[in-house]
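Data first, discussion second: the structure below is written as structure tokens.
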Protein chains: 2
Amino acid sequence: MAKRLTQKPCDSTPVQLHADPTAESFAKLAWAIAHPARVQIVRLLIGREACICGEIVDCLPLAQSTVSQHLKILKESGLIQGEVDGPKVCYCINHEKLDQLKALVADL
Amino acid sequence: MAKRLTQKPCDSTPVQLHADPTAESFAKLAWAIAHPARVQIVRLLIGREACICGEIVDCLPLAQSTVSQHLKILKESGLIQGEVDGPKVCYCINHEKLDQLKALVADL
DNA sequence: ATCGCCTATCGTGAATGGACGATAAAGGAA
DNA sequence: TTCCTTTATCGTCCATTCACGATAGGCGAT
């Protein structure tokens, strides 16, 4: 790359689009819901404001370990939270993060 | 899977969350912007309402072929459109698709 | 027709994602 | 304690992504 030096780059600003931290966090958040199973999980948790646990597994045509993996990804993204309740774990939506995602997309 | 038959599944609806076509298209659209480079490209195209061409390459710290790949992904998602203009190609945002994405996220 | 520029595509390699079964860890109940 | 249930993690396999250089095709200019 870097060969077209005879003309101005984008707009009037030099270049400086490299490694945009905003784009990175945006992409991460978007990636968290960039899978049908994760979209369904998020919607499920939104649908019932209250938290639920491994019934999520019963709602998806996936193995328990696979669902657990998706839940981990969603948890790491911050979109959902898990809280241990005895031997079970209740998950619920993190509305702050969800609103943040909504704002990021809306402000596109 | 399918072992917990002694208790009701999620909510009162049987199960039927399998292969939700809505979730699939949502996930596809989200995946299209689930990469920092693609977020930057989309923002760039939104910033300048008009279309631009391979200057995008100069705005990203990526090889031309890599950028072309990302553009292809975005084009296939419908979020952007490319129109040939002589030896160059001008890309622009597909506002309909973008609005669709916004609506999908807002209605979460 | 030939040259040079712009872009898409091909081929490759490294890394990651997604799915599964098996297993481990934690807690409640008998 | 000993089970049983619930969930997370491990290891593995296959598919896909992402990045690159090289190459091919299109088009305008010379």
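Chain letters run A, B, ... following the sequence lines, proteins first and then strands; every chain starts at 1.
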Of Pro87(B) and Gln69(B), the one whose closest DNA chain D nucleotide lies more 5': Gln69(B)
With a 4.5 Å limit on heavy-atom distance, are the side chains of Lys75(A) and Tyr91(A) in contact? yes
To the nearest angstrom, the NZ-C1' distance between Lys75(A) and dT9(D) comes to 11 Å
Candidates dA8(D), dA22(C), dA8(C) - which lies nearest the side chain of Ser65(A): dA22(C)
Whole angstroms only, please: what is the CD-C1' distance between Glu83(B) and dC6(C)? 16 Å
For the pair made of CG in Asp58(B) and P in dC6(C), what is the distance, rounded to whole Å? 9 Å
May I ask you to decide if Cys90(B)'s main-chain N or O and Asp85(B)'s side chain share a donor-acceptor pair within less than 3.5 Å? no
Expressed as a whole number of angstroms, how long is the span from Lys88(B):NZ to dA29(D):C1'? 13 Å
For dG17(C) and His70(A) - does any side-chain N or O of the residue sit under 4.0 Å from the phosphate oxygens OP1/OP2? no
Do side-chain atoms of Arg38(B) reach the backbone of His70(B) as a donor and acceptor pair under 3.5 angstrom? no
For Leu60(A) and dA19(C), what is the distance between atoms CG and P respectively, to the nearest whole Å? 10 Å
Interatomic distance, Lys72(A) NZ vs dA8(D) C1' [rounded to whole Å]: 8 Å
I want to verify a distance call: between dA8(C), dT7(D), dC6(C), whose nearest atom is closest to the Gln64(B) side chain? dA8(C)
Once you round it to whole Å, what is the distance between P of dT16(D) and NZ of Lys28(B)? 13 Å
Heavy-atom distance under 4.5 Å between the side chains of Phe26(A) and Leu108(A), does that happen here? yes
Can you tell me if the side-chain N/O atoms of Thr66(A) get under 4.0 Å from OP1 or OP2 in dG18(C)? no
Want to settle it: does Val89(B) or Ile73(A) sit nearer the 5' end of DNA chain C, counting the closest nucleotide to each? Val89(B)
Over how many whole Å does the gap from Glu76(A) atom CD to dG18(C) atom P extend? 12 Å
Side chain of Leu71(B) only, please: which of dG21(D), dA8(C), dG18(C) is the nearest? dA8(C)
I'd like to know if the side chain of Ser77(B) reaches the main chain of Leu74(B), judged simply by a donor and an acceptor atom lying under 3.5 Å from each other, with no hydrogens or angles considered. yes
Between Tyr91(B) and dA8(C), is there a contact of a side-chain N or O with OP1 or OP2 at under 4.0 Å? yes
Between His35(B) and dG17(C), is there a side-chain N or O to OP1/OP2 distance below 4.0 Å? no
